[in-house]
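Report on one structure; see the data block that follows.
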Amino acid sequence: MKLADLLAGFDDGRIEGDGAVEISGLSYDSRKAAPGHLFFAMARDRDRNRANIDDALNRGARAIVMGGGGDDGGSARPAVTVVRSERPRRLMGAVASRFYGHPSERMDLIAVTGTSGKTTSTYLLASIFESAGFPAGIIGTVGIFISGEKIYSGLTTPESVDIESALSRMERGGVRHVCAEVSSIGIAEGRVDALDFRAAMFTNLGRDHLDYHRDMEDYFAAKLRLFTEILPHSRRAGLVAIARGDDAYGRRVLDAINAPQVRKVSFGLKSDCDIYPKDVVCDGAGIRGTIIALGNRVELASPLVGDFNLLNILGACGLSVALGIESAAVADGVRRCPGAPGRMEAVPARAGVLVLVDYAHKPDALEAVLNAARAITRGRVICVFGCGGDRDRGKRPLMGEIAGRLADLPIITSDNPRSENPDAIIGEIEAGVRGAISMPGARAREYRIEADRRLAIALALEIATAGDTVIVAGKGHENYQLVGSRTLAFDDRAVIRELAMELDRAHG
C-alpha cells in the first residue's frame, strides 16, 4: 500500500518526501522493523528516539513517523520519507486500522475497563461466547489468545499495531467475538481510538496508576472517554454500555452517556439494577443461585469465589444477554469458566490449608481478596504481599493498613522492586500495617517481614495449619520478578508447589 493512501483523509500526518513509497508493514519497536516498513518513532527521550530511527532505517524501514516539532536529532536521512505528526501514537492507531482492513468493523469487540475485575470479566465473556457456539479471542493482561492459543505477551492494552494485527489474524481464523481489557493508559495514549467496539463494560474504580494520572478524577476521566467518545463513534450497530448502577462511579459513567445509539445497562447487587442477584450463595465451593438479567432468569453454578466475583459474573451475564446470548448458554459459560490465571487461583500445598494466588497489587483489589478469603475461612487468613517499585508510593501504606485490618497475619515481602531498595518499600508498607494493628477491630496483632519472596511464601506455608487460608498477592500470573535491571524467573504458583513438596519431604 502506498504511504499517501495509508494517510489519505487523516487530519494529522504531513508527508515530507515520496508519498508513493510502498509500505509493506508497520512497526514501533525498531528491533521489529523490516524492509518496507513505516516506523513510528515515539520514544520520549531525544537520544533514544534518534537511536531507534537509525536502527529502523538500518533494518530497511522506508518511511518514518515522528513528532511534528521537527526535532529528530538529525537522524532521518535525506532520501527517507518523513511523516510529521502531532500525535504519532494516535495516528498509528488510525493507520494500523486501515492497513489491516478495519477488522473490528466485522467483529463483536467488547471493551472491559475498570481498576479490578477486567481480566476475570474477559475470561467469563469468552467462555459464554464459546458456550453459545462463537469462537472467542481475548486481549489483556495475561496476553492475547485466539481460541486458547497465546500469540502475544506484553501490555494489558497493547499498542494499536499489535491489536489490529491480532484482530486481523483472529478474523482469518474465524473468530468474530473478542474481549479486550482496556486500560486508562491505553485510552489516554490513543491506542484504542480507531477500534469499532460493539460494547463496553465498566467494572469499578479504585486507586491505581497515580504515577501516570494526576489524580483520581484524571484517572476516571481517561476511562470515561471510552463511553462518551470512543464507543459512540463506533461503526457497529447495537452498541451497549454496561456499568454498576449501585456504585457512584458506575452511575457517573451511565449518566455521562448521551448518545442515543448506545443502550445503557446497569448491574449490581440491588434489585433496581437491570441485572441483579436473587437467592445467590457465595461460599468456599463457589457461587450458586439465580440472577435476573434484563428480565431473564439465569441459573448460576460457578467455581469462582468471593463477592467481587459475583459482580464480575453479573456484569458478564448482563452484557451477554444484552448482546442476544440465550440464558442457557450464559449459564453454561459461567459454569465452565475456571477464572483467569493468577486470579484467586488455588494451588495445592498442604492438607487442610487453602492457598490462593491473586494478582491484587492495589488497595481495592487487596481488600476485596481478603474479604473474600475471610468469608470462606474458618481459621486464620495469612497474607503474603508487597508493592512494586517505581510506581505509586501512596498506595503502600494503604495496602499495609488493609492487610493489618483484614488479615490475621500479614507477611510483608518484595513484589517487583525494580530500581528501588526493597527494604525502603517494605518500610512504607510497614507503617500502614503498624497503624492498623493498633486500631480496634483489626484482625492482626502481629506481622512478619521477609524481603525474600520465596522465603516469605515458605514462612506462610510453615505457619499455616488446617483451616487456614494463605493469600499470596501481587503477582498472580506473572512468571518473573523485576529486581534492579534484572528480570528473574519467579512464579508464585510454581514456588508454592516446590515448597509444598519440600514440606512434605521434611514432615515425612
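Residue numbers start at 1 and run along the sequence shown.
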Parallel, tilted or perpendicular: which describes the rings of Phe220 and Tyr249, with under 30° parallel and over 60° perpendicular?
tilted
So Ile110 and Met201, do their side chains get closer than 4.5 Å, heavy atoms only?
no
Name all residues meeting the ring pair (Phe, Tyr, Trp, His ring centres under 6.0 Å) criterion together with His177; count only those two or more places apart in sequence or in a different chain, and write none if there are none.
Phe129, Phe134
Arg169 versus Ile144: any side-chain heavy-atom pair under 4.5 Å?
no
Counting distance only, does the side-chain N/O of Thr122 pair as donor-acceptor with the main-chain N or O of Thr119 below 3.5 Å?
yes
Test salt bridge (charged side-chain N to carboxylate O under 4.0 Å, His left out) applied to Arg418 - qualifying residues, sequence neighbours left out:
none
Residues Asp274 and Lys264 bridged, charged N to O under 4.0 Å:
no
What's the verdict on salt bridge (Lys or Arg N to Asp or Glu O under 4.0 Å) for Arg396 and Glu420, showing C-alpha distance, side-chain angles and the deciding distance?
CA-CA 13 Å; Arg396 296 171 187 174; Glu420 289 194 61; 2.7 Å; yes
Across all chains, not counting sequence neighbours, the side chain to side chain contact (heavy atoms under 4.5 Å, CB included) partners of Asp408 are Arg374, Arg380, Val381, Arg443
Counterpart residues, side chain to side chain contact (heavy atoms under 4.5 Å, CB included), relative to Met501 (two or more places apart)
Arg505
Using modelled atom types only, decide if a donor and an acceptor are shared between the side chain of Asp468 and the backbone of Thr465 within a distance under 3.5 Å.
yes
Is Pro341 close to Arg493 at the side-chain level, that is, under 4.5 Å between some pair of heavy atoms?
yes
Check whether any side-chain N or O of Thr413 sits under 3.5 Å from a backbone N or O of Gly386 as a donor-acceptor pair, and report yes or no.
no
Have Thr115 and Tyr219 got a donor and an acceptor in their side chains that come within less than 3.5 Å?
yes
Counting only N and O atoms by type, is there a donor-acceptor contact under 3.5 Å from the side chain of Lys395 to the main-chain atoms of Arg207?
no
Search all heavy atoms of Gly476 against all heavy atoms of Asp492 and return the closest pair with its distance.
N-OD2, 4.4 Å
Which atom names give the shortest non-hydrogen contact between Val355 and Ile496, and what distance separates them?
CG1-CD1, 3.7 Å
Which residues pass the salt bridge (charged side-chain N to carboxylate O under 4.0 Å, His left out) test with Asp452, not counting sequence neighbours?
none
Name all pairs fulfilling the salt bridge (charged side-chain N to carboxylate O under 4.0 Å, His left out) condition that reach into residues 244-253, sequence neighbours left out, sorted by first residue then second.
Glu217-Arg252, Arg244-Asp246, Arg251-Asp255
Look up atom CD1 in Ile163 and atom CZ in Arg191, then write down how far apart they are to the nearest 0.5 Å.
8.0 Å
pair Ile275-Ile242: side-chain heavy atoms closer than 4.5 Å
yes
Can you give me the closest heavy-atom contact between Ala346 and Leu354, atom names plus distance?
CB-CD1, 4.3 Å
Does atom CZ of Arg176 have more than 12 heavy-atom neighbours from other groups under 6.0 Å away?
yes
Arg445 atom CZ, neighbour heavy-atom count above 12 within 6.0 Å
yes
Determine the sole option in Leu319, Leu323, Val321, Ile325 for which the side-chain contact (heavy atoms from CB on, under 4.5 Å) test with Ile128 is passed.
Ile325
Below 4.0 angstrom, N of the basic side chain to O of the carboxylate: do Glu498 and Arg454 qualify?
yes
May I ask you to test the Asp307-Asn371 pair for a side-chain heavy-atom distance under 4.5 Å?
no
Evaluate the criterion salt bridge (Lys or Arg N to Asp or Glu O under 4.0 Å) for residue pair Arg448 and Glu462; output intermediate values, then yes/no.
CA-CA 13 Å; Arg448 304 288 178 85; Glu462 289 168 1; over 6 Å; no
Got a second to check how far Ile429's CD1 is from Cys387's SG, nearest 0.5 Å?
3.5 Å
Begin with the C-alpha distance, continue with both residues' side-chain angles, and end with the deciding distance and a verdict on side-chain hydrogen bond (donor to acceptor under 3.5 Å, both in side chains) for Ser168 and Arg172.
CA-CA 6 Å; Ser168 177; Arg172 293 195 305 273; 3.0 Å; yes
Are the side chain of Asp215 and the backbone N or O of Asp218 linked by a donor-acceptor pair below 3.5 Å?
yes
Say whether, by atom type as modelled, one donor and one acceptor occur between the side chain of Arg391 and the main chain of His209 under 3.5 angstrom.
no
Set of residues satisfying salt bridge (charged side-chain N to carboxylate O under 4.0 Å, His left out) with respect to Glu430, sequence neighbours excluded:
none
Minimum heavy-atom separation for Leu370 and Ala403, please, with both atom names.
CD1-CA, 4.0 Å
Can you list everything that forms a salt bridge (charged side-chain N to carboxylate O under 4.0 Å, His left out) with Arg225? Sequence neighbours excluded, please.
Asp193, Glu229
Qualifying salt bridge (charged side-chain N to carboxylate O under 4.0 Å, His left out) pairs with a residue from residues 292-305, counting only residues at least two apart or across chains:
Arg297-Glu299
Are Ile257 and Leu231 packed together at the side-chain level, in the sense that at least one heavy-atom pair is separated by less than 4.5 angstrom?
no
Which pairs count as ring-ring contact (aromatic ring centres under 6.0 Å, His included) when at least one residue sits in residues 354-397, sequence neighbours excluded?
Tyr359-His361, Tyr359-His477
Looking at Glu159 and Lys32, does any basic side-chain N land under 4.0 Å from a carboxylate oxygen?
no
How far apart are the closest heavy atoms of Ala372 and Phe308, and which atoms are they?
CB-CE2, 3.4 Å
Check: Tyr480 main-chain N/O paired with Lys475 side-chain donor or acceptor under 3.5 Å:
yes
Name all pairs fulfilling the salt bridge (charged side-chain N to carboxylate O under 4.0 Å, His left out) condition that reach into residues 347-362, sequence neighbours left out, sorted by first residue then second.
Asp208-Lys362
Write down the atom of Ala365, the atom of Ser116, and the distance for their closest heavy-atom approach.
CB-OG, 3.6 Å
Between Lys118 and Glu181 (side chain of the first, backbone of the second, donor and acceptor by atom type, cut-off under 3.5 Å), is there such a pair?
no
Is Met344 close to Val369 at the side-chain level, that is, under 4.5 Å between some pair of heavy atoms?
yes
Examine distances only and state if a side-chain atom of Ser131 and a backbone atom of Ser127 form a donor-acceptor pair shorter than 3.5 Å.
yes
Does Arg434 reach the side chain of Tyr447, with side-chain heavy atoms less than 4.5 Å apart?
yes
So salt bridge (charged side-chain N to carboxylate O under 4.0 Å, His left out) across residues 311-329, not counting sequence neighbours, yields none
Walk me through whether Leu125 and Val112 qualify under side chain to side chain contact (heavy atoms under 4.5 Å, CB included).
CA-CA 10 Å; Leu125 285 165; Val112 181; 4.0 Å; yes
Between Lys150 and Val142 (side chain of the first, backbone of the second, donor and acceptor by atom type, cut-off under 3.5 Å), is there such a pair?
yes
Let's go through Asp272 and Lys270 carefully: what are the C-alpha distance in whole Å and the side-chain angles of both, what is the deciding distance for salt bridge (Lys or Arg N to Asp or Glu O under 4.0 Å) to 0.1 Å, and is it a yes or a no?
CA-CA 6 Å; Asp272 58 353; Lys270 297 182 179 179; over 6 Å; no
